[in-house]
Protein chains: 2
Amino acid sequence: MRSDVLESTILGILQSEPTHGYDLRQQLASILGPFRALSYGSLYPCLKRMERAGLISRRDDSLPVTPARRSKIVYELTPAGTEHFAGWIGTQTPSDWEDEGFAAKMAFFSRTEAKLRLRILEGRRTRLEQRLSDLGDSIDITSKRVDTYTDLLQRHGLDGARREVSWIEELISTERTSHPSIPPALRSTT
Amino acid sequence: MRSDVLESTILGILQSEPTHGYDLRQQLASILGPFRALSYGSLYPCLKRMERAGLISRRDDSLPVTPARRSKIVYELTPAGTEHFAGWIGTQTPSDWEDEGFAAKMAFFSRTEAKLRLRILEGRRTRLEQRLSDLGDSIDITSKRVDTYTDLLQRHGLDGARREVSWIEELISTERTSHPSIPPALRSTT
DNA sequence: GTTAGCATGTAAGGAGTTACATGATTTT
DNA sequence: AAAATCATGTAACTCCTTACATGCTAAC
């Protein structure tokens with residue numbers, strides 16, 4: 001995962017409420033999928049970097065909300081962190097086409113403007129279509145080699161890519177129909 | 001990709017015919033999918049390591065098969081390399097459960113014994129089922145957080161995981177039916 | 001009272017990318 | 001003759017994992 005994507009995702013989680021590292025990892029895993037979950041050996045140094053960069057700060061929680069004071073370090077957003085997240089969520093970046101960048105952006109879509117949401121989805125679709133055609137080329141190359149299993153593997157990959165594209169297309173059409181403010185003329189420009 | 005998986009895959013490709021680095025990369029991409037394709041900055045050092053380890057050797061092709069001698073370096077298997085590949089293809093290792101390890105093994109399945117093939121497929125299925133249940137747990141955790149988009153993302157991930165499992169199950173049942181030597185009693189032990 | 005899970009961290013090392021550097025061959 | 005593609009390689013850098021080290025708290 002690109003470090004800016006990770007940082008922005010952390011900032012996004014912290015925007016809901018101050019959180020400590022261990023818990024942050026669970027949420028990260030549940031948003032991005034348990035696979036891309038990173039290890040603590042990756043997360044804690046990242047939090048330290050972000051603190052040094054002034055994006056987050058350790059919260060001095062003397063609140064007796066949780067009975068006993070533990071050795072938890074609760075992080076919260078600084079104004080700079082809030083601003084950084086607003087910048088990320090309000091713009092389109094190349095990493096938005098990629099798997100993880102896209103997942104991270106989409107997880108916070110309810111805080112994204114409808115127009116930008118659509119643009120990001122369309123960018124993602126373009127990326128997936130390109131991937132689909134690459135996959136097709138690659139299968140053509142191998143087609144001479146008539147190994148049954150290699151073939152099955154490749155077909156499965158192709159299916160997955162196609163499924164990905166149609167999922168995105170459903171999302172796009174849902175976005176368009178639930179925002180009828182967009183003139184119908186634009187809808188066919190796809 | 002774990003380096004032993006990469007090395008074994010390279011050995012597997014070289015078993016068909018001696019190949020040079022550039023071409024090896026295309027074949028690697030077409031077998032494993034164009035995504036997991038690695039860069040030359042990764043491949044060439046790996047070939048050098050393998051040469052030093054005695055698994056492959058540079059071929060002195062004075063053969064005038066291709067008209068002009070170019071600056072190509074053609075690698076071929078050494079006896080040690082052949083043996084190494086035979087060991088890998090003939091055994092089950094933990095990396096066979098994982099995405100890349102499994103793809104690499106399956107790409108050479110036509111050179112794998114039917115029994116072992118089945119065991120590897122079943123191991124993969126177990127791994128995928130575990131992944132599926134992890135994903136279910138993770139969605140339960142997030143279910144309180146009723147964000148539409150996070151939800152869509154997670155459902156999509158779950159669908160993908162389920163699709164993966166049923167694909168593997170189809171493969172397994174095909175393996176079993178096309179090898180009726182296996183007593184029917186074993187088939188229900190699934 | 002001991003096991004399991006919560007919680008934070010560091011050091012070493014693995015794996016791969018990008019950018020750079022170079023040059024041959026084929027196509028337009 | 002220029003552009004594209006084939007072909008090999010290195011160095012710096014990024015990102016991440018594993019293994020280790022430590023200690024608290026809750027449940028059995």
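Letters go in sequence order (proteins before strands), and every chain restarts at 1.
- The side chain of B:Arg58 has D:dG9 as its nearest neighbour among C:dT17, D:dG9, C:dG9.
- Look at CG on A:Asp4: it is 8 Å from P on D:dC15, rounded to the nearest Å.
- For A:Gln92, the CD atom sits in a packed shell: over 12 heavy atoms of surrounding residues, nucleotides or ligands are nearer than 6.0 Å.
- Here the C1' atom of nucleotide D:dT17 and the CD atom of B:Glu98 are 13 Å apart, to the nearest Å.
- Listed nucleotides C:dG16, C:dG9, D:dC16 differ in distance to A:Leu38; the shortest reach to its side chain belongs to D:dC16.
- Nucleotide C:dA15 holds its P atom 17 Å from the CG atom of B:Asp99, rounded to whole Å.
- Which of C:dG16, C:dT8, D:dT17 sits closest to the side chain of A:Tyr44 comes down to C:dT8.
- Nearest to the side-chain atoms of B:Arg2 among the listed nucleotides C:dT8, D:dT8, C:dA15 stands C:dA15.
- The backbone N or O of B:Tyr22 lies less than 3.5 Å from a partner atom in the side chain of B:Gln26, making a donor-acceptor pair.
- The side chain of A:Ile73 approaches C:dT8 more closely than any other nucleotide in the set C:dT8, D:dT8, D:dT17.
- What separates CZ of B:Arg49 from P of D:dG9 is a distance of 14 Å, to the nearest Å.
- Taking the six-membered ring where the residue is Trp, B:Trp167 and A:His156 present parallel rings, their angle staying beneath 30° rather than reaching 60°.
- Whole-Å rounding puts the A:Arg25 CZ to C:dG5 C1' distance at 13 Å.
- In this structure, A:Gly21 reaches the sugar-phosphate backbone alone: every heavy-atom distance under 4.0 Å involves primed, P, OP1 or OP2 atoms, never a base.
- Side-chain proximity of B:Ser42 to D:dA7, C:dT17, C:dA7: nearest is C:dT17.
- For the pair A:Leu6 CG and D:dC16 P, the interatomic distance rounds to 6 Å; values are reported in whole Å.
- Between B:Tyr40 atom OH and C:dA19 atom P the separation is 16 Å, expressed in whole Å.
- In the set C:dT8, D:dT10, C:dA7, C:dA7 carries the atom at the smallest distance from any side-chain atom of A:Lys72.
- In this structure, the CG atom of A:Asp23 is 14 Å from the C1' atom of C:dG5, given to the nearest Å.
- Pairs engaging residues 154-168 of chain B under the salt bridge (Lys or Arg N to Asp or Glu O under 4.0 Å) rule: B:Arg124-B:Glu164, B:Asp151-B:Arg155, B:Asp159-B:Arg162 [sequence neighbours left out].
- In terms of the salt bridge (Lys or Arg N to Asp or Glu O under 4.0 Å) criterion, residue partners of A:Glu98 (sequence neighbours excluded) are, by chain and number, A:Arg127.
- With C:dG9, C:dG16, D:dG9 as the choices, the nucleotide that has an atom nearest any side-chain atom of A:Tyr75 turns out to be C:dG9.
- If you check C:dC6, C:dG16, D:dT8 against the side chain of A:Tyr22, the one that comes closest is C:dC6.
- Contacts of B:Ser3 with the nucleic acid, taken as non-hydrogen atoms under 4.0 Å apart, involve only primed sugar atoms and P, OP1 or OP2.
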